[in-house]
There are 2 protein chains.
Amino acid sequence: MSSPTIDDVAKQAKVSIKTVSRVVNREPNVRKETREKVQHAIDLLGYTPNLSARRLAAKRSFLVGLVYDNFHATSAYVVNVQCGVMASCSQSGYELLIHPLNVDNATLINEVIDFTHRSQVDCLVLPPPLSDHTHLCNQLAAQNIPFVRLSPVFNLNDSLYVQTNDRSAAFDMTMKLIELGHSDIAFVAGRPDHYAVSERHLGFVDAMQSAALPIREEWIKIGASTFDSGKDCGVALLKNTPRPTAIFAGNDEMAAGVMSIAHTLGIRIPEDLSVAGFDDSDLARQSWPALTSVRQPVQAMAKAAADLLFLSLKTPSNTDLSRCFACEIILRDSTGPTIKINETAND
Amino acid sequence: MSSPTIDDVAKQAKVSIKTVSRVVNREPNVRKETREKVQHAIDLLGYTPNLSARRLAAKRSFLVGLVYDNFHATSAYVVNVQCGVMASCSQSGYELLIHPLNVDNATLINEVIDFTHRSQVDCLVLPPPLSDHTHLCNQLAAQNIPFVRLSPVFNLNDSLYVQTNDRSAAFDMTMKLIELGHSDIAFVAGRPDHYAVSERHLGFVDAMQSAALPIREEWIKIGASTFDSGKDCGVALLKNTPRPTAIFAGNDEMAAGVMSIAHTLGIRIPEDLSVAGFDDSDLARQSWPALTSVRQPVQAMAKAAADLLFLSLKTPSNTDLSRCFACEIILRDSTGPTIKINETAND
DNA sequence: TCCAAATATGACAACGCTGTCAATAAAAAC
DNA sequence: GTTTTTATTGACAGCGTTGTCATATTTGGA
């Protein structure tokens with residue numbers, strides 16, 4: 001049961017515990033043959049350093065905290081972020097502590113700060129929408145708690161972050177719809193406090209303007225990033241005539257909601273209506289027809305974020321503070337060329 | 001930055017550190033007024049015990065490990081389990097350490113054992129399919145690592161566990177289909193090594209037998225619990241005549257795959273074909289038509305599992321070793337009464 | 001009032017590691 | 001062959017708690 005300690009290894013290898021410590025921590029200035037001798041003893045005994053002791057002595061916990069909104073984020077996103085961070089952790093010898101919470105909770109900031117102190121994590125990873133919670137970020141900075149932000153929009157100079165080109169990806173997707181012959185394009189925006197998602201709206205606007213297409217105000221709907229809100233927006237967009245020939249939604253869930261309503265109303269996809277989403281979640285592959293979407297390399301981003309964090313912890317002088325990842329458009333069956341509505345046979 | 005230590009509190013309250021320790025740990029034999037005095041000092045200074053020191057001294061980490069398969073479980077399930085365990089953690093003062101892995105990995109057992117030692121977690125929560133990995137469970141037991149199993153099927157006497165009545169829920173769902181007039185019912189089974197899911201197959205068989213309906217072997221398909229495998233099974237079931245009038249899938253993903261194929265083949269749901277899933281995941285609400293499914297109280301189960309674990313850690317003599325939760329059938333739009341195929345108009 | 005028992009508090013040694021700094025061994029320069 | 005420099009190793013003191021055991025202090029009974 002009881003694991004061997006550093007003393008056991010030291011005794012076995014006939015060196016001091018400090019030398020064992022050096023080997024374990026890959027410190028320089030250990031002769032090769034000593035290192036091998038110690039390593040051999042470690043292997044023989046199956047020694048694993050006691051993290052608590054190490055933490056206590058080194059005043060570091062080797063723990064990363066991942067704080068995220070569990071009530072508004074899709075589970076696929078959450079899991080991808082977890083995996084990405086985890087991948088970086090295993091490389092750097094960190095362990096991952098998670099702390100789901102509700103971003104609408106009034107005590108949010110206290111909860112995060114409390115968690116940080118209680119669990120003694122060395123640093124935090126903040127996915128959206130927490131990454132744009134200015135007050136929280138300021139508090140963390142004030143308390144010298146290192147953190148990295150995923151897909152932030154504001155105050156980029158102040159901290160570590162990893163981004164995607166949401167805006168230009170949304171631009172590209174909109175252009176793709178325009179190339180397919182659509183000009184009557186509606187947009188379903190996400191939660192307004194989820195700023196990364198609002199960038200997508202801007203990209204849509206950019207594209208429409210660059211193609212000199214009119215943006216009809218009644219074809220811009222604000223959803224809540226959920227399937228149900230997508231349904232609501234879908235009803236509002238599709239019940240009236242004229243209706244758009246294409247709907248671009250700020251995320252896949254809302255796009256699926258729109259598709260669901262379209263099916264119910266007997267509107268064929270993609271013949272009568274093209275639908276595009278964003279995120280390329282599992283849902284995009286699993287809905288019918290399979291949803292055209294924009295793939296964000298969430299996992300790679302999360303890994304890069306954690307990499308950045310660990311690097312900056314190790315070498316605080318490091319100037320490499322951010323990375324930007326490119327999105328990729330995934331064309332599936334929910335989008336197609338326009339057909340004039342009065343040419344269709346279904347109604 | 002640097003938090004106050006127990007020394008600071010002791011000095012502030014003019015008592016020894018040991019007395020502060022007693023108050024913090026709610027130990028007996030502290031006079032009421034002393035306790036209040038100390039508590040006041042703690043509040044004043046905003047003292048939080050240093051977990052690493054506590055762990056080192058008490059030889060406990062106050063950490064729970066959640067090890068799960070990240071490649072075959074749906075993210076919704078994973079997130080629900082995390083939340084449930086988390087809920088129990090916050091009550092009991094534990095923190096949650098996660099460790100996703102691939103169950104197909106040959107080094108699985110070593111990886112879990114390594115993780116346990118490295119991270120020094122006090123105990124583990126094992127969701128399926130790990131909960132039925134007999135070899136792993138034996139290893140953990142042999143190493144005196146406490147753990148609780150979620151939805152296990154085998155060796156129930158040997159350990160803590162939390163279960164659902166998968167089999168009888170599958171029975172009920174099948175009966176529901178039979179009551180709707182279906183007799184030509186197919187079943188899509190999940191990964192054979194995911195035993196909890198196989199129980200659902202047994203429930204299906206139970207119901208068919210109790211209704212004296214024949215089980216056609218070519219209408220039992222073995223999937224891999226994924227959407228794509230559901231599509232494959234759907235093709236196999238729906239391309240030939242006669243085809244079933246209802247398909248019951250072992251999970252929602254596969255059910256969605258079946259629906260997708262049905263749509264492609266022009267088979268209307270539920271008019272021509274009823275489809276039922278299991279798990280009541282987000283996907284069930286988000287697919288079209290909305291999927292009839294069986295709701296497992298995953299989060300409540302995970303919480304109960306962790307509760308059980310913490311209780312048994314505290315009072316090892318405790319005899320309350322397991323709990324069983326009931327599933328609930330959620331009727332949605334993907335199931336309906338049978339209509340004879342030659343009466344339908346669509347083909 | 002005094003003494004035993006119960007209750008409350010404190011001193012001090014772990015816990016297993018890392019950081020600091022001194023001591024030694026090896027290499028390089030003279 | 002010395003001396004200087006550099007590389008390698010070790011002794012020892014924390015890190016902030018808890019556990020053990022000894023020492024007050026209070027309580028209750030005679």
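The sequence lines fix the lettering, A, B, ..., with proteins before strands; numbering per chain opens at 1.
A/Tyr77 and A/Gln296 share no donor-acceptor pair across their side chains, judged by distance under 3.5 Å alone. No hydrogens or angles considered: a donor-acceptor pair under 3.5 Å links the side chains of A/Gln39 and A/Asp43.
A/Tyr94 and A/Phe62 have tilted rings, their planes meeting at an angle from 30° to 60° on a 0 to 90° scale.
The only option from B/Asn50, B/Thr19, B/Ile17, B/Val24 that meets the side-chain contact (heavy atoms from CB on, under 4.5 Å) definition with B/Ile6 turns out to be B/Ile17.
The shortest distance between the side-chain N/O atoms of B/Arg31 and the OP1/OP2 oxygens of C/dT9 is below 4.0 Å. Look at A/Ser21 and you'll find a side-chain N or O under 4.0 angstrom from OP1 or OP2 of C/dT18. OP1 or OP2 of D/dT17 has not a single side-chain nitrogen or oxygen of B/Ser52 nearer than 4.0 Å. Between A/Asn29 and D/dT6 there is no side-chain N or O to OP1 or OP2 distance below 4.0 Å. Side-chain N/O atoms of A/Thr19 include one lying less than 4.0 angstrom from OP1 or OP2 on D/dG10.
Within the nucleic acid shown, B/Asn50 comes within 4.0 Å of sugar-phosphate atoms alone, with no base atom in reach, counting heavy atoms only. Residue contacts shown for B/Val24 are absent, as no nucleic acid heavy atom lies under 4.0 Å away. Within 4.0 Å of A/Pro49, counting heavy atoms only, lie sugar-phosphate atoms of the nucleic acid but no base atom.
When the P atom of D/dT23 is taken as reference, atom NZ of B/Lys18 falls 18 Å away, rounded to whole Å. In this structure, NZ of B/Lys14 is placed 13 Å from P of C/dG10, rounded to the nearest angstrom. Summarising the geometry, the separation between CG on B/Asn25 and C1' on D/dT17 is reported as 9 Å, rounded to the nearest angstrom. In this structure, the CG atom of B/Asp8 is 12 Å from the P atom of D/dC15, given to the nearest Å. Note: CD1 (A/Ile6) to C1' (C/dA14) measures 17 Å, nearest angstrom. Rounded to an integer number of Å, the gap from B/Arg55 CZ to D/dG19 P is 15 Å. Rounded to an integer number of Å, the gap from OH of A/Tyr47 to P of C/dC17 is 3 Å. Rounded to whole Å, atom P of D/dT17 lies 9 Å from atom CG of A/Leu56.
Nearest heavy-atom pair across A/Ser52 and B/Arg55 is OG-CB, 3.1 Å. The minimum heavy-atom distance between A/Leu97 and B/Leu96, with the atom names listed, is CD1-O, 3.0 Å.
A donor N or O paired with an acceptor N or O is found under 3.5 Å between the base of D/dG10 and the side-chain atoms of A/Arg22.
When the nucleotides C/dA11, C/dC17, C/dG19 are ranked by their closest atom to the side chain of A/Thr5, C/dC17 comes out on top. The side chain of A/Ile17 approaches C/dC17 more closely than any other nucleotide in the set D/dG16, D/dT9, C/dC17. Of the candidate nucleotides D/dT18, D/dG16, C/dG10, C/dG10 has the atom nearest to the side chain of B/Val15.
Nearest-nucleotide assignment on DNA chain C puts the 5′-proximal partner with B/Thr34, out of B/Thr34 and B/Lys59.
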